[in-house]
Number of protein chains: 2
Amino acid sequence: MQDQQQTSQLTDGENQKFLTDDQLRKGIEAMFFAYRGFTADPDKILENYAYGRAHHRAIHFIGRSPGTTVNNLLDILAVTKQSLNRVLRTLVDDGLVESRIGRQDKRERNLYLTEKGRALEQDLSEAQRKRMRAAYSAAGLEAVTGFRRVLEEIMDPQMRNLLQAMTDGG
Amino acid sequence: MQDQQQTSQLTDGENQKFLTDDQLRKGIEAMFFAYRGFTADPDKILENYAYGRAHHRAIHFIGRSPGTTVNNLLDILAVTKQSLNRVLRTLVDDGLVESRIGRQDKRERNLYLTEKGRALEQDLSEAQRKRMRAAYSAAGLEAVTGFRRVLEEIMDPQMRNLLQAMTDGG
DNA sequence: CTTGGAATGTCAACAAGACTGACATAAACT
DNA sequence: AGTTTATGTCAGTCTTGTTGACATTCCAAG
């Protein structure tokens with residue numbers, strides 16, 4: 001089994017010490033604390049409105065893919081239509097989101113941010129980006145590549161595909 | 001400024017293309033989808049019990065730092081004592097957690113998992129570790145290092161310190 | 001042209017899990 | 001002795017999720 005090609009000076013055992021339960025636990029806890037930071041800044045902005053994280057998510061994905069349908073959004077957000085509808089209704093009522101009847105398929109509703117909606121979206125996004133920008137900058141390109149790589153492995157395959165499709169098309 | 005040591009062939013501009021708003025957005029969305037996957041497996045187990053994610057968090061950190069106090073847990077979980085107390089009460093009532101009066105300071109309660117509690121903790125942890133193990137394994141050591149690095153930069157400094165203290169002491 | 005299914009909206013009831021505010025008790029500190 | 005700390009508890013509220021039921025509109029297939 002010892003051929004002349006040594007790709008690493010580490011044995012398999014040493015090479016995979018990052019797979020110990022203790023290393024995994026640290027990753028799990030880091031994920032928990034980081035996610036809290038990740039949502040903290042938008043949450044603080046939303047306190048000024050009568051909105052919560054659910055509204056942020058809807059606003060984000062509508063702003064990101066203008067004209068998306070309710071069903072699309074349901075796939076992305078993985079909540080019930082009743083739950084999403086309550087959020088969408090308040091956003092439409094408050095004039096942040098416009099819901100247009102589909103041109104080809106008139107059953108569908110195409111969702112768009114209004115100017116007011118886009119303003120809030122920018123506010124929330126910039127707050128969240130600011131933290132991410134600082135983190136990326138401090139960690140460096142190589143770390144960011146690894147970060148993205150691991151996140152993609154953690155998510156469900158369907159979500160990975162969905163994210164991929166969004167990134168290509170939208 | 002140009003010494004003989006070239007650390008990179010990239011200009012500053014090229015070197016920081018990962019800081020564009022579009023790159024940041026991709027990271028933000030990856031974080032969102034990954035966190036959902038991250039919590040999915042324990043959540044599925046908890047459906048069989050009358051417990052939720054809040055119980056999982058309490059069980060995790062008690063199992064990780066046996067003898068921890070309520071106040072400690074409040075700092076870690078960042079919820080109100082009323083919220084935590086409701087969770088702890090059910091766990092104590094159901095015989096998963098033991099609450100002992102502190103030896104030095106009798107105002108404090110030291111929290112421990114019972115055997116039953118440890119069994120559930122193992123079940124939940126192993127489900128979550130399984131996904132992380134697969135992700136780490138697929139992504140490789142270098143990516144995992146970057147992953148951890150970025151997560152630490154994203155979280156609030158107090159949480160980073162707290163996590164550090166836990167990792168050292170506990 | 002009718003019928004079945006899909007996309008959407010809405011109503012009602014409910015649950016988990018967060019919150020605030022108020023109050024109580026015991027123990028420790030000053 | 002008086003104050004602060006650690007914890008527990010009651011009551012009420014909010015957000016966001018759930019299920020179940022039902023209506024409308026419209027596309028598409030028979």
Side-chain angles (χ1 to χ4, degrees), chain A residues 32 35-36 39-40 42-62 67-94 97-112, chain B residues 32 35-36 39-40 42-62 67-94 97-112:
Chain A
F32 171 66
Y35 195 77
R36 195 152 70 203
T39 57
D43 281 358
K44 188 156 276 178
I45 292 174
L46 289 162
E47 280 175 17
N48 305 326
Y49 303 77
Y51 301 140
R53 221 174 271 182
H55 301 82
H56 180 197
R57 292 197 278 260
I59 287 173
H60 174 93
F61 285 105
I62 294 170
T68 190
T69 63
V70 173
N71 246 8
N72 255 326
L73 223 44
L74 286 175
D75 285 342
I76 291 169
L77 300 177
V79 296
T80 57
K81 63 173 180 170
Q82 293 90 330
S83 207
L84 175 57
N85 196 256
R86 182 174 30 196
V87 168
L88 284 180
R89 205 187 317 159
T90 66
L91 291 175
V92 169
D93 288 353
D94 294 355
V97 167
E98 195 189 346
S99 169
R100 296 185 209 152
I101 292 177
R103 286 201 305 170
Q104 283 107 0
D105 189 334
K106 291 176 186 168
R107 289 170 305 180
E108 294 181 345
R109 301 301 139 94
N110 296 115
L111 304 169
Y112 302 87
Chain B
F32 171 65
Y35 195 77
R36 195 152 72 205
T39 56
D43 281 357
K44 188 156 276 178
I45 292 174
L46 290 162
E47 280 176 16
N48 306 325
Y49 303 76
Y51 302 141
R53 221 174 272 180
H55 301 82
H56 179 197
R57 292 197 278 259
I59 287 173
H60 173 94
F61 285 105
I62 294 170
T68 189
T69 63
V70 173
N71 251 6
N72 255 326
L73 223 44
L74 285 176
D75 286 342
I76 291 170
L77 300 177
V79 294
T80 57
K81 63 171 181 172
Q82 293 92 329
S83 209
L84 176 58
N85 195 256
R86 178 179 32 190
V87 167
L88 283 180
R89 206 188 315 161
T90 68
L91 291 175
V92 169
D93 287 353
D94 294 355
V97 167
E98 196 190 345
S99 170
R100 295 185 211 151
I101 291 176
R103 286 202 305 173
Q104 283 108 0
D105 189 333
K106 291 177 188 169
R107 291 170 303 178
E108 294 182 346
R109 301 302 137 94
N110 296 116
L111 303 169
Y112 302 88

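Atoms CD (B/E47) and P (D/dG17) sit 15 Å apart, rounded to a whole Å. Summarising the geometry, the separation between CG on B/L73 and C1' on D/dA6 is reported as 14 Å, rounded to the nearest angstrom. Straight-line distance from the CZ atom of B/R100 to the C1' atom of D/dT7: 18 Å, rounded to whole Å. Summarising the geometry, the separation between CG on A/L46 and P on D/dT15 is reported as 12 Å, rounded to the nearest angstrom. In this structure, CZ of A/R57 is placed 14 Å from P of D/dT15, rounded to the nearest angstrom. Between B/L74 atom CG and D/dG8 atom P the separation is 9 Å, expressed in whole Å. Following rounding to the nearest Å, A/R89 (CZ) and D/dT16 (C1') show an atom-to-atom distance of 14 Å. In this structure, CG of A/D43 is placed 14 Å from C1' of D/dC14, rounded to the nearest angstrom.
Residue order along DNA chain D, read from the 5' end via each residue's closest nucleotide, puts B/V70 first among A/Y51 and B/V70. Comparing A/A50 and A/T80 by the nucleotide of DNA chain D whose heavy atom lies nearest to each, the residue mapping closer to the 5' end is A/A50.
A salt bridge between A/K106 and A/E108 is absent, with no side-chain N of the basic residue lying under 4.0 Å from a carboxylate O of the acidic one.
Residue B/L74 is tested with B/N72, B/V70, B/I76 for a side-chain contact (heavy atoms from CB on, under 4.5 Å); the sole match is B/V70.
Note: A/T39 OG1 to A/R57 CZ = 9.5 Å, rounded to the nearest 0.5 Å. One finds the CG atom of B/L46 at 9.5 Å from the CZ atom of B/R53 (value rounded to the nearest 0.5 Å). In this structure, NZ in A/K81 is found 13.0 Å from CG in A/L88, a value given to the nearest 0.5 Å. Annotation: the span from B/L91 atom CG to B/I59 atom CD1 amounts to 5.0 Å, rounded to 0.5 Å. In this structure, CZ on A/R86 lies 9.5 Å from OG1 on A/T90, to the nearest 0.5 angstrom. Here the OG1-CZ distance, from A/T69 to A/R107, works out to 11.0 Å after rounding to the nearest 0.5 Å.
The residue B/R86 sits close to a base: some heavy atom pair falls under 4.0 Å.
Checked against the 6.0 Å centroid criterion, the rings of B/F32 and A/F61 qualify as a close aromatic pair.
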Check nucleotides 22-28 of chain D against the protein and report each pair of N or O atoms closer than 3.5 Å, with its distance, or say if there are none.
residue: D/dC27; atom: OP1; partner: A/Q104; partner atom: O; Å: 3.2

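Running 5' to 3' along DNA chain C, contacts with non-hydrogen atoms of chain B at under 4.0 Å begin and end at C/dG17 to C/dA28.
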